[in-house]
Amino acid sequence: MSDHIHDENCDHDHDHEDDIFIVTDKDGVEHEMVMVYTFEASEQPYAVLLDRNDPEADGVIFRIEEEDDEAFLASIEDEEEWDRVVQIYNQIVEEQEKE
């Protein structure tokens with residue numbers, strides 16, 4: 001997993017074959033998503049995924065949950081949690097852009 005934001009300023013290969021997930025959207029369309037960033041908010045890990053075939057599309061944030069030593073991605077359904085996580089992620093992005 002990555003420890004930084006992947007964008008046009010990165011100077012390394014973005015072919016993360018191990019971090020590809022198939023995500024089905026609300027219309028039933030499957031997308032190949034690439035995990036590009038992970039972070040924690042309130043001791044809960046989250047992952048940012050980008051559409052592998054549409055890198056210009058906005059990223060999607062999922063909660064990383066563990067069960068029986070297996071990690072999986074879960075949609076964030078709670079609006080309060082979503083707002084909090086997006087705010088924290090935006091702060092991370094701002095801090096990295098300043099560096």
Heavy-atom count check: over 12 atoms from other residues, nucleotides or ligands less than 6.0 Å from Asp25 CG? yes

Would you check if the side chain of Asp27 reaches a backbone N or O of Val29 as a donor-acceptor pair within less than 3.5 Å? no

Compute the centroid of each ring, for Tyr46 and then for Tyr89, and state whether the two points are separated by less than 6.0 Å. no

Donor-acceptor pair, distance only, cut-off 3.5 Å: does the side chain of Glu65 make one with the backbone of Pro45? no

Could you walk me through whether Asn53 and His31 satisfy the side chain to side chain donor-acceptor pair (under 3.5 Å) test, starting with their C-alpha distance in whole Å, then the side-chain angles of each, then the deciding distance to 0.1 Å, before giving a yes or no? CA-CA 8 Å; Asn53 299 311; His31 300 270; over 6 Å; no

Are the side chains of Leu49 and Tyr37 in contact, using a 4.5 Å heavy-atom criterion? no

For Gly59 against Leu50, the heavy-atom pair lying closest together: CA-CD2, 3.4 Å

Can you name the closest pair of heavy atoms from Arg84 and Ser42 and give their distance? NH1-OG, 3.4 Å

Is there side-chain contact between Val23 and Glu30, with heavy atoms separated by less than 4.5 Å? no

Would you say that Val60 contacts Met33 through its side chain, given a criterion of any heavy-atom pair below 4.5 Å between the two side chains? yes

Heavy-atom count around Glu40 CD within 6.0 Å, excluding the residue itself: above 12? yes

Could you state the interatomic distance from CD (Glu81) to CD1 (Ile61), rounded to the nearest 0.5 Å? 10.5 Å

Go through the steps for Thr38 and Val48 under the test side-chain contact (heavy atoms from CB on, under 4.5 Å), then give the verdict. CA-CA 6 Å; Thr38 59; Val48 179; over 6 Å; no

Close side-chain approach of Val93 to Glu95, heavy-atom, < 4.5 Å: no

Distance col, row Glu56:CD vs Asp58:CG, nearest 0.5 angstrom, shows 10.0 Å

Taking every heavy atom of Gln44 against every heavy atom of Ile64, the minimum-distance pair comes out as NE2-O, 2.7 Å

Please name the pair of heavy atoms, one in Ile76 and one in Arg63, separated by the smallest distance, quoted to 0.1 Å. CG1-N, 4.0 Å

Val34 reachable from Phe72 in the ILVMFWY side-chain graph, under 4.5 Å edges: no

